[in-house]
Amino acid sequence: VGTIATYRLSRAIMACACAISASTGAQAATQSGTGKAIALRPLSIVKLRDLEFGRLVSGTTAGTVVIDPTTDIRTTTGGVLAAGGAPMAAQFYTYATGNQTLQVTRGPLLPVLSRAGGGATMNVTQLTLNGPVLRIIGAAGLLDLRVGGTLAVGANQLAGSYSDSFDIIVTYF
């Protein structure tokens with residue numbers, strides 16, 4: 001599972017309008033200004049575990065496997081039966097300066113899981129987060145980010161091990 005971190009720093013630009021009076025004599029005025037800056041710690045993401053749909057058995061009708069990003073609970077629909085394994089949401093830790101706003105999105109493409117050795121694929125039709133897209137990272141600077149998903153399983157899906165990667169993008173404001 002790949003990760004991408006992007007960084008954005010919003011900055012306010014202040015403009016000052018000064019009136020110039022039409023005066024006959026030379027005049028001078030002095031005003032002091034203050035320069036300010038905030039140094040931010042770079043945003044980083046560490047993957048702790050991958051999105052795992054677990055073992056499943058496909059039947060004569062298509063169905064889905066859903067992993068809840070908050071509870072790791074797996075549910076199935078249609079002709080799909082759960083058959084063990086260790087289903088779980090992907091988990092990432094995001095480190096940044098505390099109390100900053102982050103935006104969490106997925107890459108432009110949803111994963112298409114390909115069978116090792118070829119011959120079949122399964123589409124991940126949705127990736128879900130354990131919270132909103134816009135978040136404020138806590139004072140400690142740590143965000144526990146989890147990603148679940150929905151896997152479309154075909155009728156009589158060819159047996160084998162399937163995998164692909166996806167990108168999670170965290171934008172720092």
Side-chain angles (χ1 to χ4, degrees), residues 1-15 34-56 63-78 80 82-116 120-154 157 160-173:
V1 176
T3 59
I4 297 175
T6 59
Y7 312 101
R8 290 187 191 162
L9 177 61
S10 298
R11 59 180 172 230
I13 300 174
M14 298 175 54
T34 303
K36 294 183 178 183
I38 299 173
L40 299 175
R41 184 170 45 177
L43 177 65
S44 58
I45 302 172
V46 176
K47 182 187 73 168
L48 300 175
R49 64 186 195 197
D50 291 322
L51 173 57
E52 178 67 53
F53 291 97
R55 294 185 187 136
L56 52 101
T64 63
V65 178
V66 178
I67 302 296
D68 183 284
T70 303
T71 64
D72 291 330
I73 292 175
R74 171 179 54 189
T75 55
T76 61
T77 66
V80 180
M88 65 184 79
Q91 183 178 20
F92 304 87
Y93 277 164
T94 299
Y95 299 95
T97 300
N99 301 315
Q100 296 296 313
T101 301
L102 303 176
Q103 179 182 22
V104 182
T105 56
R106 66 170 173 81
L109 301 175
L110 287 168
V112 177
L113 307 187
S114 296
R115 182 178 174 271
T121 60
M122 289 188 280
N123 292 327
V124 174
T125 59
Q126 183 177 19
L127 291 174
T128 52
L129 300 172
N130 65 330
V133 170
L134 288 177
R135 303 177 190 205
I136 297 176
I137 199 162
L142 176 66
L143 174 67
D144 182 6
L145 174 62
R146 296 176 188 232
V147 182
T150 303
L151 178 66
V153 181
Q157 186 75 43
S161 179
Y162 291 73
S163 66
D164 194 11
S165 62
F166 61 90
D167 293 329
I168 292 297
I169 303 165
V170 179
T171 306
Y172 189 94
F173 295 95

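The first residue in the sequence is number 1, and the count goes up from there.
Contact between P87 and F53 at its shortest, heavy atoms only, is CB-O, 4.0 Å. Considering all non-hydrogen atoms of both residues, P69 and A89 come closest at CA-CB, 3.7 Å. Residues D68 and T70 share a closest heavy-atom pair of OD1-N, 2.7 Å.
Annotation: side-chain contact (heavy atoms from CB on, under 4.5 Å) contacts of L109 (sequence neighbours excluded): none. Taking the side chain to side chain donor-acceptor pair (under 3.5 Å) definition, one finds that T150 meets it with nothing, sequence neighbours left out. Here S163 pairs with nothing under the side chain to side chain donor-acceptor pair (under 3.5 Å) rule; sequence neighbours left out. Not a single side-chain contact (heavy atoms from CB on, under 4.5 Å) links A116 to another residue, sequence neighbours left out. Applying the side-chain contact (heavy atoms from CB on, under 4.5 Å) rule to A120 yields the partners R115, Q157, L158, Y162; only residues at least two apart in sequence or on another chain are considered. Judged as a side chain to side chain donor-acceptor pair (under 3.5 Å), and not counting sequence neighbours, the contacts of T77 are T64.
Expressed to the nearest 0.5 Å, how far CG of L43 lies from CD of Q100 amounts to 10.5 Å. In this structure, the separation between OH on Y95 and CD1 on I45 is 11.5 Å, given to the nearest 0.5 Å. The line from CG of L151 to CG of L113 is 5.5 Å long, rounded to the nearest 0.5 Å.
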Full working for side-chain contact (heavy atoms from CB on, under 4.5 Å) between F173 and Q103: CA-CA 8 Å; F173 295 95; Q103 179 182 22; 3.5 Å; yes
F166/V147 under side-chain contact (heavy atoms from CB on, under 4.5 Å): CA gap, chis, key distance, verdict: CA-CA 10 Å; F166 61 90; V147 182; 4.0 Å; yes
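Exactly one of I168, T94, L134 qualifies for a side chain to side chain contact (heavy atoms under 4.5 Å, CB included) with V104. That residue is I168.
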For residues 137-145, tabulate all N or O donor-acceptor pairs below 3.5 Å that involve a side-chain atom, not counting sequence neighbours.
| residue | atom | partner | partner atom | Å |
| --- | --- | --- | --- | --- |
| D144 | OD1 | Q91 | NE2 | 2.9 |
| D144 | OD1 | R146 | NE | 3.4 |
| D144 | OD2 | Q91 | NE2 | 3.4 |
| D144 | OD2 | R146 | NE | 3.3 |
| D144 | OD2 | R146 | NH2 | 3.1 |

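Under a 3.5 Å cut-off, the side chain of D50 and the backbone N or O of E52 do not form any donor-acceptor pair. Judged by distance alone, the side chain of R74 and the main-chain N or O of V65 form no donor-acceptor pair under 3.5 Å.
Two residues are said to be in side-chain contact when any heavy atoms from C-beta on lie closer than 4.5 Å; L51 and L127 meet this criterion.
Residue pairs meeting the side chain to side chain donor-acceptor pair (under 3.5 Å) criterion with at least one partner in residues 120-131, sequence neighbours excluded, are N130-R135.
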